[in-house]
Protein chains: 2
Amino acid sequence: MPEQASTGALDDTVDTVDTADTVDGVVDAGWAPVTKARTYELVLDRVEAQITSGRLRAGDRLPAERDLAAALGVSRVAVREAMRVLQAMGVITQSTGSGRDAGTVLTAAPGEALTRLVRMHVLLASVGTADVVRARIALERESARLAATHARDSDHALLAEHLAVMDDPGCSPETFNDRDTDFHVTIAHASGNRLVAEMTTALRNAMRGTLLERLRGEDDFRSVAARLAREHHEIHEALLAGEGARAADLVEAHIEGFYARH
Amino acid sequence: MPEQASTGALDDTVDTVDTADTVDGVVDAGWAPVTKARTYELVLDRVEAQITSGRLRAGDRLPAERDLAAALGVSRVAVREAMRVLQAMGVITQSTGSGRDAGTVLTAAPGEALTRLVRMHVLLASVGTADVVRARIALERESARLAATHARDSDHALLAEHLAVMDDPGCSPETFNDRDTDFHVTIAHASGNRLVAEMTTALRNAMRGTLLERLRGEDDFRSVAARLAREHHEIHEALLAGEGARAADLVEAHIEGFYARH
DNA sequence: AACTTGCTGTGGTCCTACCACAGTGAGGTC
DNA sequence: GACCTCACTGTGGTAGGACCACAGCAAGTT
């Protein structure tokens, strides 16, 4: 049916025909340049509409790319590009093969997407390290505050495990950094607030490389590690005691302290 | 040159050839399934590497899609899908036409990308409204605290303008909602912390629809608007006085109050 | 009953062709 | 000479068709 250039069901192509024009002598009332939306964006809109209307929800399977393309009257390329965007947002997962669970499935996994986004912008110097630190503090304060009342036994067990590894004097900077990340991420997820947790995780992960470099460049890695470990223990104790406000203050001092001193 | 299936410079295609195998009788030492990375991800890695190494920075122009494809030894489709991802992350902007500034340009604009990401996940019920509210409070407290010392005269002027519009008794719920958003966003950007600002903006924008619905459904919109406006004025006064802590508390009460009461 | 084998549906990749748009510059017109 | 016109060129945008790799399933074989 499409014989070239969208003919099908997707002709919302024209967005605005409104006001103002800049062409030479023409009257500038009631005219605006006609802006065309790219086809893949229209596909995105359709998918979003399906979600909004409740016809599509997490766990559901999307039509096959070919079918979707045919149904919307666009090419498969357009559909694929829309899928790439959704994937980059952590909204879908794709896999090959046949069978019920194969293909494109709606799954809400914002974590990885956020991490990549933040890391990319840190690399681009679009946001500075100091900014990330302040954002981390704001979020992790909230994480800690909530975790003090929401954390379960399994969370505390996990935290204890991470602490034990970091206490080991033979622990390398790499291992320490990984477990440090895990410690903070565990607290974030114990908060029970998914959004705060994912954002916290993303920021901490995006800083992973930077932090590792600092740890490696440390003159006396062991004593620094010991101090950080001690602070971790204090935070954990505050959480166990259910003292959210104190935990939040400790976390703030912990994060700020590391950056301020190095 | 590529006669089908990647032949070119991008043959990192094979990721791991390591340990363990599950095939029936075969010795399970030293074998693992070969996992292939998707081509567009390899392209992404190359772009990220260029940024990391400093050969590419914000404002720079990327090679034309065709050239990049040739240089990397992949198809244009692969390059285009990588571009879609970068665009979805707010890392590039694309435009047609010729000339120096046409084509693909590295520009760090995380705001819109974040907004879409959060909105999508709110729609998917991956994160609940209450979670977004708590996250907003955490971030906007920080925004307000920083804005109290960093805001310039132009910021205060903008804030005053928004306040004036919201004070107008004839102001519609739509207009009020828009200006309310603008008010919070202006504070966020006045904080001087780009990351906090972008995240704040994203959350506020993602909630735009929800908030508008609540305002519209209000029995006595005018009195609610009047109360919100009064709170806005108090916040503004705290900012003008440079009292960050008070501004933060007011913002928290302001946000939480609205959700708690409705 | 257990294994093998081929079929089918899915995303992954590539190529090629063409369209729409925006500068650029050569050429014509006044 | 100054100005306008218009074709050219480089860019992303789109379409369509072909083939590959993979995973499940079912029929056939041992």
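Residue numbering restarts at 1 for every chain, and letters A, B, ... go by the order of the sequence lines.
- Place Val77(B) and Arg100(A) on DNA chain D by their nearest nucleotides, and Val77(B) ends up nearer the 5' end.
- When only modelled atom types and interatomic distance are considered, Arg204(A) and His184(A) share no side-chain donor-acceptor pair under 3.5 Å.
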Using a cutoff of under 3.5 Å, can you pull out all pairs of nitrogen or oxygen atoms linking the protein to nucleotides 8-11 of chain C, with atom names and distances?
unit_1  : atom_1 : unit_2    : atom_2 : d
dG9(C)  : N2     : Gly97(A)  : N      : 3.4
dG9(C)  : N2     : Ser98(A)  : N      : 3.3
dT10(C) : OP1    : Arg61(A)  : NH2    : 3.3
dT10(C) : O4'    : Gly97(A)  : O      : 3.2
dT10(C) : O2     : Gly97(A)  : N      : 3.4
dG11(C) : OP1    : Thr104(A) : OG1    : 3.1
dG11(C) : OP2    : Glu65(A)  : N      : 3.0
dG11(C) : N7     : Arg66(A)  : NH1    : 3.0
dG11(C) : O6     : Arg66(A)  : NH2    : 3.1

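- Identified under the salt bridge (Lys or Arg N to Asp or Glu O under 4.0 Å) test for residues 81-100 of chain A, with sequence neighbours left out: Glu81(A)-Arg80(B), Glu81(A)-Arg84(B), Arg84(A)-Glu81(B).
- A heavy-atom distance below 4.5 Å is found between the side chains of Ser126(A) and Arg194(B).
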Show which side-chain atoms of residues 114-125 of chain B pair as donor or acceptor with protein atoms under 3.5 Å away, not counting sequence neighbours.
unit_1    : atom_1 : unit_2    : atom_2 : d
Thr115(B) : OG1    : Gly111(B) : O      : 3.0
Arg119(B) : NE     : Glu48(A)  : OE2    : 3.0
Arg119(B) : NH2    : Glu48(A)  : OE1    : 3.2
Arg119(B) : NH2    : Glu48(A)  : OE2    : 3.3
His121(B) : ND1    : Leu117(B) : O      : 3.0
His121(B) : NE2    : Gly90(A)  : O      : 3.4

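- dT13(C) atom C1' lies 12 Å from atom CG of Leu42(B), rounded to whole Å.
- The separation between Glu41(B) atom CD and dG12(C) atom P is 9 Å, rounded to whole Å.
- Under the 4.0 Å criterion applied to side-chain N and carboxylate O atoms, Arg208(A) and Asp178(A) are assigned as salt-bridge partners.
- Computed from coordinates, the Asp101(B) CG to dA22(C) P distance equals 14 Å when rounded to whole Å.
- No side-chain donor-acceptor contact under 3.5 Å links Glu140(B) and Thr200(B).
- The distance from atom CD of Glu81(A) to atom C1' of dT14(D) is 9 Å, rounded to the nearest whole Å.
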